[in-house]
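The structure under discussion appears below in the form of structure tokens.
Numbered from 1 within each chain, the chains take letters A, B, ... in sequence-line order.
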Protein chains: 2
Amino acid sequence: MRLFARIVERRSFTRAAADLSLPRSTATEAVQQLEARLGVRLLQRTTRSVVPTLDGEAYYRRCLKLLDDLDETENAFCRASPRGELRVDVQGALARRFLLPGLPAFLAAYPELRLRMTEGDRLVDLVAEGVDCVLRLGTPAESGPSGGMAARRVAVLPEITCAAPAYVERHGAPRTPADLSRHRMVGFSRPEGGWHPLEVTENGAVRQVQVSADIVVSSAESSLAMGLLGLGLIQLPRYRAEEHLACGALVEVLADHPPTPTPVHLLWPRDRQLSARTRVFIDWAAARFEGVG
Amino acid sequence: MRLFARIVERRSFTRAAADLSLPRSTATEAVQQLEARLGVRLLQRTTRSVVPTLDGEAYYRRCLKLLDDLDETENAFCRASPRGELRVDVQGALARRFLLPGLPAFLAAYPELRLRMTEGDRLVDLVAEGVDCVLRLGTPAESGPSGGMAARRVAVLPEITCAAPAYVERHGAPRTPADLSRHRMVGFSRPEGGWHPLEVTENGAVRQVQVSADIVVSSAESSLAMGLLGLGLIQLPRYRAEEHLACGALVEVLADHPPTPTPVHLLWPRDRQLSARTRVFIDWAAARFEGVG
DNA sequence: CTCCATTATTCGTAAAGTCGAATAGTGATG
DNA sequence: CATCACTATTCGACTTTACGAATAATGGAG
């Protein structure tokens, strides 16, 4: 049943089988067996596309409810350590900084839990992608439509404005937002063209300031690298800058006029029952961000 | 889960395993595995008694609901011929007369159905006995407490009053209920002592008439046998008398003053979802009584 | 108190299910 | 129009599960 539901959701035997870590053949055989038992064709399938029949659609809905109820009773009585495979998709840099160091302890605490972690930063369709939980930077609403998923804000990362010492030597350090007109920044490209403006807090309000850029990049990694090379001002979460501030490779500027802090969210499907696996992961991951921002 | 529920209901691994046609060992292993997975002890068991723990009791209730929902979806989509084992308990004579002749055709129509038929006439506790459906004579309420079971009246058997020709030769045939005082009957013993009186319809109302008996028996078979020997008047369903009326071994008396007809009921547990098996059996059995009474 | 019938459990064997590679079919592409 | 990449399916090898007889434990009867 769980397999059948996954097949309907992903419109594919192969992807569904991969989600559940099963061989393709098992998916085929299971569906054949299910259809034989019910005496009804549930999936209209060619080698190219899998589409549920009317019966299949209706059966899928009832499956969802049944599986949900089942998971609920399992969770209600399960005092045992969670087991099985958990799939999470995380923003890479964030995970490397906050999650990875504690992962060995987490996995040791739940020895029967297997973790499959992928990296990404777009807002994925959780059920369509077969992911239990995602860790994302930014406000969920602005990352895309977050229909049907629950969110938990685990941290608000303070951002800072920085420049390399080499840049400051040449252009000086801005002391007020007004000074920015005489400065350069490392551009971070926007999908709609151009680049994201700098953000500054002035009299308690955040204002966007467009500053000319000699270079525009499209990844946070590159932006930092360009900043370190002295190509302009950059804005980034404090935790990413910290090591470079400590060794003097970057200096903070406009400390009294910080950009808007970036929230960090954990997201998971709200409509389906939360498995014990996902629950312990969410609690643990949230704890890793405790006291940050 | 189904096995666990059965074990709780029957308070025994052995009986539950027998109900589901499984070896005892499978029951043991399944419960051990279930408890291991949940990490909770569900059944407090010695070799002599099996009692659910508090957790087990709660889990059992949720199991019931889940299994019920599951059966409901299975039935809703199952266009295939029903399969598996069906257990029915029937009143013997009734079954032999009305059901048995059609059984081969029924089993042929559902080749994947296995039938286990037992004979009895007390009102069994369906879930405790592990029976899917019972066929009974009489009104359910008077057979005992019929809590939680659905009933379907499939026939109302007309009863008649009879005597053997030898009896009529000696005592004459009663023409009115008033004549009964000079007659004898074959007694059918009541649990509370004595024997059931004769019943006669007079002016549209049924009246009970106590008639002296030289012999009191405790089974319908014996009652008929004694009647055939001319030991007194007997009252019985018309279908049982028919062959003897045809060959002249019995003659009907007081035809205008018949006893109350006896209803025939099919009973099944109302609280749990009706399986496809049970459903087709009920429909078929009911049809076998079509036009009778 | 002992024995006995009955029960849950264990263990070696057999069948079923699961798996991975090879096969056949389909829709887009050059 | 042929090719290609991808898909669902099939089949043989294998692991897991279910089975049946033997074992240990328990509560009542003599």
In whole angstrom, what separates A:R24's CZ from D:dC11's P?
17 Å
Is there a side-chain polar atom (N or O) of A:T14 under 4.0 Å from OP1 or OP2 of D:dA8?
yes
Determine, for A:R277 against A:E85, whether the closest basic-nitrogen to carboxylate-oxygen distance falls under 4.0 angstrom.
no
Under-4.0 Å salt bridge between B:R6 and B:D19:
yes
Rounded to whole angstrom units, what separation is found between the CD atom of A:E35 and the P atom of D:dA8?
13 Å
Base, sugar-phosphate, or nothing: which does B:T46 touch, judged by heavy atoms less than 4.0 Å apart?
sugar-phosphate
So does A:R45 get a side-chain nitrogen or oxygen closer than 4.0 Å to the phosphate oxygens (OP1/OP2) of D:dT9?
yes
With the threshold set at 4.0 Å, does a side-chain nitrogen-carboxylate oxygen contact exist between B:R96 and B:E119?
yes
Below the 4.0 Å mark, does D:dT10 have OP1 or OP2 next to a side-chain nitrogen or oxygen of A:Q32?
yes
Please determine whether a side-chain nitrogen or oxygen atom of A:T26 lies at a distance below 4.0 Å from atom OP1 or OP2 of C:dC19.
yes
Counting any heavy atom closer than 4.0 Å, what does B:S12 reach on the DNA or RNA strands: base, sugar-phosphate only, or nothing?
sugar-phosphate
I'd like to know if the side chain of A:D132 reaches the main chain of A:R87, judged simply by a donor and an acceptor atom lying under 3.5 Å from each other, with no hydrogens or angles considered.
yes
